[in-house]
Amino acid sequence: MNPFQYGVDHLTCSTAFQIVQGQRDAELSDATKAAINKSASYVQQIVASGKIVYGINTGFGPLCTSLISAEDTRKLQENILMSHAVGVGEPIDQSLSKLMLVLKVHALAKGFSGVQLTTVERLLWHIEQDIIPVVPKQGSVGASGDLAPLSHLFLPLIGLGKVWYKGEIVHTKVLFEQLDMQPVALGAKEGLALINGTQFMAAHAVTAVVEMQKLLSNADLVAALMLEGLNASIKPFFAELHNLRPYKGNQFVASTIYNLLEGSEILLSHKNCSRVQDPYSLRCIPQIHGASRNAWLHLRETIEIEINAVTDNPIIINEELTISGGSFHGQPIALPIDYATLAVSEVGNVSDRRVYLSLEGDTPNVPKLLLAETGLNSGFMILQYTTAALASENKGLCFPASADSIPTSLGQEDHVSMGSIGGRKLLQVLNNVNNILSIELICAAQAFDFHKPLRSTPILEAIHTEIRKNIPHIHADQPMEDILLAAQELIRSGKLIETANTVAEQEKIAFYGTHVEHFNAF
């Protein structure tokens, strides 16, 4: 695979993740370096001319009318990093900090920010050497970009702050002394270019796009296994139904579930049963999972505009035109982030309902509480308490962060997006729903067992076999911690999705349904 060209190539969420994980090289082309140098030269011309331009020879925010002398413009840039690095709380994950660096390099490499090439090359050094700045998780309101977290991200440029180095958090100053490294001498406007932007919010959203896609595929697979375990009907997944209400997400989920169930011996065994229709958590999987798929698609499309945009301020168009605007404002992505949080939460909500259904004992051959002998044994009863607790916690987290705004900067920044808070909540809800799905997986596999010797479809049989490699059929009450951890690993690793894809390829059968180009390739 050719190296990704910063500032030139179109960056996708998956490509950004590949760069962070070391699976894809990335570089600056000669043309990009020339564009960066030209933009930096415009800034130098402005400084030399004495023309007043915000952030180049003025103070920041409410101090925008305070003029700064040419000799103090460099000190101004260091001061803004130091004064704005006021984040609090635990550090965000190292992968998120690294992703922020990748996104910022791509934005600066567009050549509209007026930064020096040496500064961008130092950022690349941090990425390539895996020396990643430590960024506290709280402190951004998502308006002038992510000022506090981005300030922490770039303190190491001037020899301050902390970084991860070989698995440990160390002071940048101490590390630079060990490596005989010198801080970067920031030029005019560079501090402002670095800390104006949406890279904190965007990094959380990019991570969510990747993780949410995996979660949604896991949800479909686990739901299909549960449908078999509870003798559900295949009719609600017929294309004829969904063609009359043709939402892409609904059609994709319905056709995928249909592919997973069609031809199953378990399905055929209750073809003529007296049940007229299934509960909503089974019958409405295409509508519920599908709506969340549609939300994912909206988030992905929005975020991929954002991570290919220039979001600092002011923008240097040429030596004559600089624009002080609001491209750093997080509202365009804050709203989709909140929408996606709700969409993920609903996947967990309906998964909890399916767990509850599996315990009722209303399916022939499937015992109450999923255990053949209860009374002395409580069976799987308390597992649903955990899914209920997680689903309820998610409901509290679904209040939209973007519905709030608290003016800052002495009223200069009088509307803020709170997208940074929304991004953090989205990842928290994703984690909770992964845990809910892992419990549904345990219950679905247990219910599935009671239909033997009947067999399901090749993909679902392979999924069940993979589960049983790690999680045994449970015959009596036992400690559940290791079983829960094994189920969580199956969900988070993507192993079930990998298994389904492998079997589909080997057996030459369909797995993903219609509109796969929207939901399985990005």
For Y356 and S281, run side chain to side chain contact (heavy atoms under 4.5 Å, CB included): C-alpha distance rounded to whole Å, both residues' side-chain angles, the deciding distance at 0.1 Å, then the answer. CA-CA 10 Å; Y356 187 91; S281 60; over 6 Å; no

Partners meeting side-chain hydrogen bond (donor to acceptor under 3.5 Å, both in side chains) with R24 (sequence neighbours left out): none

Which residue pairs pass the ring pair (Phe, Tyr, Trp, His ring centres under 6.0 Å) test when at least one of the two sits in residues 461-507, sequence neighbours left out? F448-H464, F450-H473, H473-H475

Heavy-atom count check: over 12 atoms from other residues, nucleotides or ligands less than 6.0 Å from Y280 OH? no

Between S417 (side chain) and G142 (backbone), is there a donor-acceptor pair under 3.5 Å? yes

More than 12 non-hydrogen atoms from neighbouring residues, nucleotides or ligands closer than 6.0 Å to NE2 on H171, yes or no? no

Distance alone, cut at 3.5 Å: any donor-acceptor contact between the side chains of N308 and H106? yes

Non-neighbouring partners of Q277 that pass side-chain hydrogen bond (donor to acceptor under 3.5 Å, both in side chains), sequence neighbours left out: R283

Can you tell me if D477 uses its side chain to pair, donor with acceptor, with the backbone of S378 under 3.5 Å? yes

How are the rings of H329 and H415 set to each other: parallel, tilted or perpendicular (split at 30° and 60°)? parallel

On a heavy-atom basis, which atom in V222 and which in L437 lie closest, and how many Å separate them? CG1-O, 4.2 Å

Closer than 3.5 angstrom, by distance alone: can the side chain of K162 be matched with the main-chain N or O of V134 as a donor-acceptor pair? no

May I ask you to check whether D220 and T256 show a side-chain donor-acceptor distance below 3.5 Å? no

F399 versus D404: any side-chain heavy-atom pair under 4.5 Å? no

R455 atom CZ: more than 12 heavy-atom contacts under 6.0 Å: no

With heavy-atom distances below 4.5 Å as the criterion, would you say the side chains of K98 and D130 are in contact? yes

Give, for atom CD1 of I421 and atom NZ of K137, the distance between the pair rounded to the nearest 0.5 Å. 12.5 Å

May I ask you to check whether Q428 and N394 show a side-chain donor-acceptor distance below 3.5 Å? no

